[in-house]
Student: 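Attaching a single structure in structure tokens format; questions to follow.
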Amino acid sequence: MSEGLASPRSIAALTEPRPVRIALTVAAVAFLALFLLLPLAVVFTEALSKGLGSFLDTFAEPDAQAAIRLTLLVAVIAVPLNVAFGLAASWAIAKFDFRGRNLLITLIDLPFSVSPVVAGLIYVLIFGAQGLLGPFLQRHGIEIIFAVPGIVLATVFVTFPFVARELIPLMQDQGTTDEEAALTLGASPWRVFRTVTLPNIRWALLYGVLLCNARAMGEFGAVSVVSGRIRGLTNTMPLHVEILYNEYNYVAAFGIASLLALLALVTLAGKTFLEWRHADSLAGRGGH
């Protein structure tokens, strides 16, 4: 037998006994059912516990509609900003060597290591009435904290790594060969980006946008600090859920929560589809 081929005995030694495999599978399924599927089922069960009419009435309430609109508005602003930042940062890090490159990579990962509540507090200390820039902003009638701009800033902070972190490894793996060839043929830098770089990263970019959007709509900690929780004005859907739950309005609270859960399921479905349909592109092999 050749040295490069494993013997049946060695293969068997690497395979767990059937009872062990069954026990591990059952344990994994039970864990998922207890900590993922059961809470999800409870959300929809509680939301519909008093009938479909009460469930729909939840979304007819003005404060709920205001929370939904604000959540969508923040996502519409924050996600494109993060796409622009992610593309620029990924392009710079993957295609060029420059002083401070490692520092930029570290800063991109900063929101992963800083608590969202701490991030919100930082914005309060900078833009709040007693903060560093607070007096200046008040004199000029500019509202950031306890207003939409503060919510957008906090959301951008906690979500900006998602797009960049999806693109950087892929663009590093692809290298600069394609771009250099296009430049040699006389293409302008903008045309190179539009016709060469962007098509090579489109699926990873969409993947990052999905993750960024899901986090933007579900963010609670940082937004709760900078929003002031003004009902009908600065409450996003997660904050509105907390208020309704604290008021023992469980049907309405779980109704809004079910909408967030549906958005999460749609995001998960899109993420799974991209992983299945474009696995090579996401793994950095799509351009070769």
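Computed from heavy atoms alone, side chains included, the values below leave out hydrogens, waters and symmetry copies.
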Student: Flag yes if more than 12 heavy atoms outside Arg194 fall under 6.0 Å of its CZ atom; otherwise flag no.
Tutor: yes
Student: What's the shortest heavy-atom distance between Ala154 and Ala222, and which atoms?
Tutor: CB-CB, 3.9 Å
Student: Looking at side-chain heavy atoms only, is the closest gap between Leu132 and Leu125 below 4.5 Å?
Tutor: no
Student: Are Trp91 and Ile108 linked, directly or through intermediate hydrophobic residues, by side-chain heavy-atom contacts shorter than 4.5 Å (ILVMFWY only)?
Tutor: yes
Student: Say whether, by atom type as modelled, one donor and one acceptor occur between the side chain of Asn200 and the main chain of Val196 under 3.5 angstrom.
Tutor: yes
Student: Which atoms form the tightest heavy-atom contact between Lys50 and Ser54, and what is the distance?
Tutor: O-OG, 3.3 Å
Student: Do Leu198 and Leu185 share a hydrophobic cluster, counting only Ile, Leu, Val, Met, Phe, Trp and Tyr and linking them when any side-chain heavy atoms are less than 4.5 Å apart?
Tutor: no
Student: What are the two closest non-hydrogen atoms of Pro116 and Val158, and how far apart are they?
Tutor: CB-CG1, 4.3 Å
Student: Do Ile256 and Leu244 make a side-chain contact, defined as non-hydrogen atoms from C-beta onward lying under 4.5 Å apart?
Tutor: yes
Student: Using modelled atom types and a 3.5 Å cut-off, is there a donor and acceptor pairing between side-chain atoms of Arg202 and backbone atoms of Pro199?
Tutor: yes
Student: Same cluster or not: are Leu104 and Leu110 linked, directly or through other Ile, Leu, Val, Met, Phe, Trp or Tyr residues, by side-chain heavy atoms under 4.5 angstrom apart?
Tutor: yes
Student: Can you confirm whether more than 12 heavy atoms, excluding those of Phe112, are under 6.0 Å from its CZ atom?
Tutor: yes
Student: Could you walk me through whether Asn82 and Phe162 satisfy the side chain to side chain contact (heavy atoms under 4.5 Å, CB included) test, starting with their C-alpha distance in whole Å, then the side-chain angles of each, then the deciding distance to 0.1 Å, before giving a yes or no?
Tutor: CA-CA 8 Å; Asn82 280 309; Phe162 288 96; over 6 Å; no
Student: Rounded to the nearest 0.5 Å, what separates atom CG in Leu233 from atom CZ in Phe146?
Tutor: 13.0 Å
Student: Find the distance between CG (Leu40) and CZ (Phe35) and round it off to the nearest 0.5 Å.
Tutor: 15.0 Å
Student: Checking Ser90 side chain against Leu87 main chain: does a donor-acceptor pair fall under 3.5 Å?
Tutor: no
Student: How close do Ala33 and Pro39 get, counting heavy atoms only, and between which atoms?
Tutor: O-CD, 4.3 Å
Student: Within a strict 4.5 Å, meaning less than it, do heavy atoms of the Asn235 and Asp63 side chains meet?
Tutor: no
Student: Looking at side-chain heavy atoms only, is the closest gap between Leu239 and Ser227 below 4.5 Å?
Tutor: yes
Student: Consider only side-chain heavy atoms of I, L, V, M, F, W and Y, link residues closer than 4.5 Å, and tell whether Phe220 and Val79 are in one cluster.
Tutor: yes
Student: Could you grab the distance from atom NZ of Lys95 to atom OG1 of Thr197, nearest 0.5 Å is fine?
Tutor: 5.5 Å
Student: Got a sec: does the CD of Glu143 have more than 12 other heavy atoms crowding it under 6.0 Å?
Tutor: no
Student: Of all heavy-atom pairs between Leu153 and Tyr123, which one has the smallest distance, and what is that distance?
Tutor: O-OH, 3.5 Å
Student: Quick one: CD on Gln172 to CD1 on Ile168, what's the gap to the nearest 0.5 Å?
Tutor: 6.5 Å
Student: In the single-linkage hydrophobic clustering (I, L, V, M, F, W, Y; side-chain heavy atoms under 4.5 Å), do Leu73 and Ile145 co-cluster?
Tutor: yes
Student: Just how far is it from atom CZ of Arg229 to atom OG1 of Thr236, taken to the nearest 0.5 Å?
Tutor: 9.5 Å
Student: Sub-3.5 Å donor-acceptor pair from the side chain of Gln65 to the main-chain atoms of Phe59, do we have one?
Tutor: yes
Student: Tell me, do Arg215 and Pro111 make a side-chain contact under 4.5 Å, heavy atoms counted?
Tutor: no
Student: Checking the side chain of Thr176 only, and the main-chain atoms of Glu179 only, is there a donor and an acceptor separated by less than 3.5 Å?
Tutor: no
Student: Would you indicate whether the side-chain heavy atoms of Phe85 and Val163 approach each other to under 4.5 Å?
Tutor: no
Student: If you count the non-hydrogen atoms of other residues, nucleotides and ligands that lie under 6.0 Å from OH in Tyr248, is the total more than 12?
Tutor: no
Student: Indicate yes or no: at least one non-hydrogen side-chain atom of Leu211 is less than 4.5 angstrom from one of Arg165.
Tutor: no
Student: Looking at Tyr245, I want to see if its OH is surrounded by more than 12 non-hydrogen atoms of other residues, nucleotides or ligands under 6.0 Å.
Tutor: no
Student: Only one of Glu242, Glu247, Glu61 clears salt bridge (charged side-chain N to carboxylate O under 4.0 Å, His left out) with Arg231; which?
Tutor: Glu247
Student: Would you give the length of the straight line joining atom CD of Glu219 to atom CD1 of Ile151, rounded to the nearest 0.5 angstrom?
Tutor: 11.5 Å
Student: Quick one: do Phe157 and Ile122 satisfy side chain to side chain contact (heavy atoms under 4.5 Å, CB included)? Show the steps, please.
Tutor: CA-CA 11 Å; Phe157 178 85; Ile122 291 171; 5.9 Å; no
Student: For a side chain to side chain contact (heavy atoms under 4.5 Å, CB included) check, start with the C-alpha distance between Thr155 and Met217, then their side-chain angles and the critical distance, and finish with the verdict.
Tutor: CA-CA 9 Å; Thr155 303; Met217 289 190 174; over 6 Å; no
Student: If you apply the rule side chain to side chain contact (heavy atoms under 4.5 Å, CB included), what do you find for Leu205 with Glu166, and how did you get there?
Tutor: CA-CA 7 Å; Leu205 177 61; Glu166 291 299 323; over 6 Å; no
Student: Check for a donor-acceptor pair, side chain of Thr267 on one end and backbone N or O of Ala214 on the other, with a separation under 3.5 Å.
Tutor: no
Student: Gly221 and Ser224: which non-hydrogen atoms are nearest, and at how many Å?
Tutor: O-OG, 2.7 Å
Student: Taking the side chain as every heavy atom from C-beta outward, state whether Ser258 and Phe55 have any pair of such atoms under 4.5 Å apart.
Tutor: yes
